[in-house]
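Structure first, commentary second.
These numbers were taken from a predicted model, which means no experiment stands behind them. In what follows, chains are A, B, ... by sequence order, proteins preceding strands, each numbered from 1.
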Amino acid sequence: MHDQHIASAFDRDLEGIQARIMKMGGLVEEAILSAAESLENRDEELAEKVRAGDRAIDALEEMINEEAALLIALRSPTAIDLRIVLTVMKISANLERIGDYAKNMAKRTGVLVQMSPIAGTHASLRRMAREVQLMLKDALDAYIQRDAVLAQEVINRDKDVDQMYNALFREFLTFMLEDPRNITACMHLHFIAKNNERMGDHVTSIAEQVIYLVSGETPDDPRPKGDKTSTDPRVAPEAAWADADGDD
Amino acid sequence: MYDSPNSEAKIGQKAIKISANKVQVYYGDTHAIKDVDVQIEDKTVTAFIGPSGCGKSTFLRCLNRMNDTIDICRVEGEILLDGEDIYDKRVDPVQLRAKVGMVFQKPNPFPKSIYDNIAYGPRIHGLARSKADLDDIVEKSLRRGAIWNEVKDRLHAPGTGLSGGQQQRLCIARAIATEPEVLLMDEPCSALDPIATGQVEELIDELRENFSVVIVTHSMQQAARVSQKTAFFHLGNLVEYGMTGQIFTNPNDPRTESYITGRIG
């Protein structure tokens with residue numbers, strides 16, 4: 001197939017909207033890392049920066065939606081062009097959601113710095129955030145390179161994030177059982193872990209969009225699920241409340 | 001992933017109306033259609049798309065032997081209508097064209113009254129036994145052509161006095177007056193404004209209830225809007241033939257993709 005449209009303005013529009021997705025992706029990656037870093041270093045200023053930065057991410061999403069609507073109205077995209085527009089819209093929604101989770105992490109960091117730290121968990125949370133950020137980076141690379149193999153790899157890696165979440169879940173439970181004074185902090189930390197786990201799900205959804213973009217088909221194999229806290233009582237005997245998603 | 005829209009839901013289970021096998025068309029030394037196999041379903045709108053000169057109109061004209069009128073044109077291969085070879089020596093092309101009607105790019109009403117435009121075909125094919133019969137056919141055809149309300153008070157005014165869009169619907173009404181089984185349309189909307197185009201497209205969708213419609217169009221959007229199956233022709237070859245939704249979201253052949261997305265091809 002040829003790369004260029006007869007109408008070069010069409011190419012410019014498509015490139016523009018994809019460039020914006022990449023910019024948005026970059027901001028979201030940074031937000032994840034900064035949120036985790038602010039938590040580990042008890043850095044309120046950085047946390048505040050992450051919270052403020054979410055506005056730029058939201059604005060980009062809005063801009064992408066407007067451009068996508070214009071593209072559909074003015075250019076009637078078909079085939080690969082249509083799939084670009086559809087996936088751009090979905091990916092921007094996923095990125096916006098991930099940005100919200102990062103913002104929520106930063107918000108909780110603001111509360112957590114007022115309390116005494118829970119040993120070891122901040123570093124685990126940062127590793128988890130780092131893994132999610134790497135998955136996001138790979139998913140976005142796969143998008144730009146139209147690489148369905150890399151996208152599938154990202155999908156498979158989500159179970160690692162889920163396992164990290166399971167481990168943290170048990171850890172927080174132990175801390176809370178040991179000393180009820182830990183409960184407030186652990187609840188916040190648990191929400192942060194859950195936010196990370198949800199981010200992983202959104203990254204997985206981005207990777208699925210890449211596969212749809214390349215092949216025209218959505219992967220129908222149920223992806224490996226590693227989060228057992230809401231189904232397996234051996235992982236979490238009191239798991240009923242553990243299903244809450246992050247707010248924002 | 002691909003979920004058929006409702007209009008396509010039952011396509012693919014319908015009877016085959018026209019079956020073309022290994023069709024070749026030559027204009028003198030020019031090989032215009034190469035080895036085309038296509039199965040056209042009954043009660044379905046099938047769109048032929050492709051760049052100018054790709055052979056889509058030529059192939060359409062094979063389906064009711066309109067190419068017979070061109071001396072240097074030679075058709076080989078087999079085209080079956082309901083299992084019977086339309087190029088068989090015993091087939092009368094005039095009878096065939098009553099069964100396989102045609103609508104052209106430019107509206108071409110006869111220089112007669114609106115009534116006579118419609119009544120002409122049924123008269124020569126002896127479809128009406130009485131004046132009342134003929135009146136019925138005229139009214140029914142004009143109604144099916146979605147133009148009855150606009151012309152019922154001036155049936156004896158000349159057909160050429162209508163607007164372009166009305167003339168085209170009159171021609172469609174004329175084509176269906178002989179109760180054809182297949183309706184061939186060669187760019188029926190290219191001379192019409194968007195409103196008249198919309199009316200003709202709506203009409204095509206209604207005709208699908210009773211006829212098999214094959215439409216050649218340069219407008220990809222029109223093919224996407226009105227058809228359930230789409231065939232893409234390129235340089236005399238049938239490159240891809242499939243469900244319209246699939247062709248427009250996820251074509252199999254890179255040539256189809258280049259063409260429908262407006263890339264240089």
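With a 6.0 Å radius and a threshold of 12 heavy atoms from other residues, nucleotides or ligands, A:Arg55 has its CZ atom at or below the threshold. The number of heavy-atom neighbours closer than 6.0 Å to CD of A:Glu30, taken from other residues, nucleotides and ligands shown, is 12 or below. A 6.0 Å sphere centred on CD of A:Glu62 holds no more than 12 heavy atoms belonging to other residues, nucleotides or ligands. Dense packing is recorded around NZ of B:Lys34, with more than 12 heavy atoms of other residues, nucleotides or ligands lying under 6.0 Å away.
For the atom pair A:Thr78 OG1 and B:Tyr259 OH, the distance stands at 11.0 Å (nearest 0.5 Å). Taken from CZ in B:Arg263 to CG in A:Asp11, the straight-line distance is 6.5 Å, to the nearest 0.5 Å.
What you find for B:Thr261 and A:His5 is that their closest heavy atoms are O-CD2, 2.7 Å.
Although no hydrogens or angles enter the test, the distance criterion places no donor-acceptor pair under 3.5 Å between the side chain of B:Asn250 and the main chain of A:Glu217. Under the 3.5 Å distance criterion, the side-chain polar atoms of B:Glu257 are matched with a main-chain donor or acceptor of A:Ile80. One N or O on the side chain of A:Arg83 and one on the backbone of B:Thr249 form a donor-acceptor pair closer than 3.5 Å.
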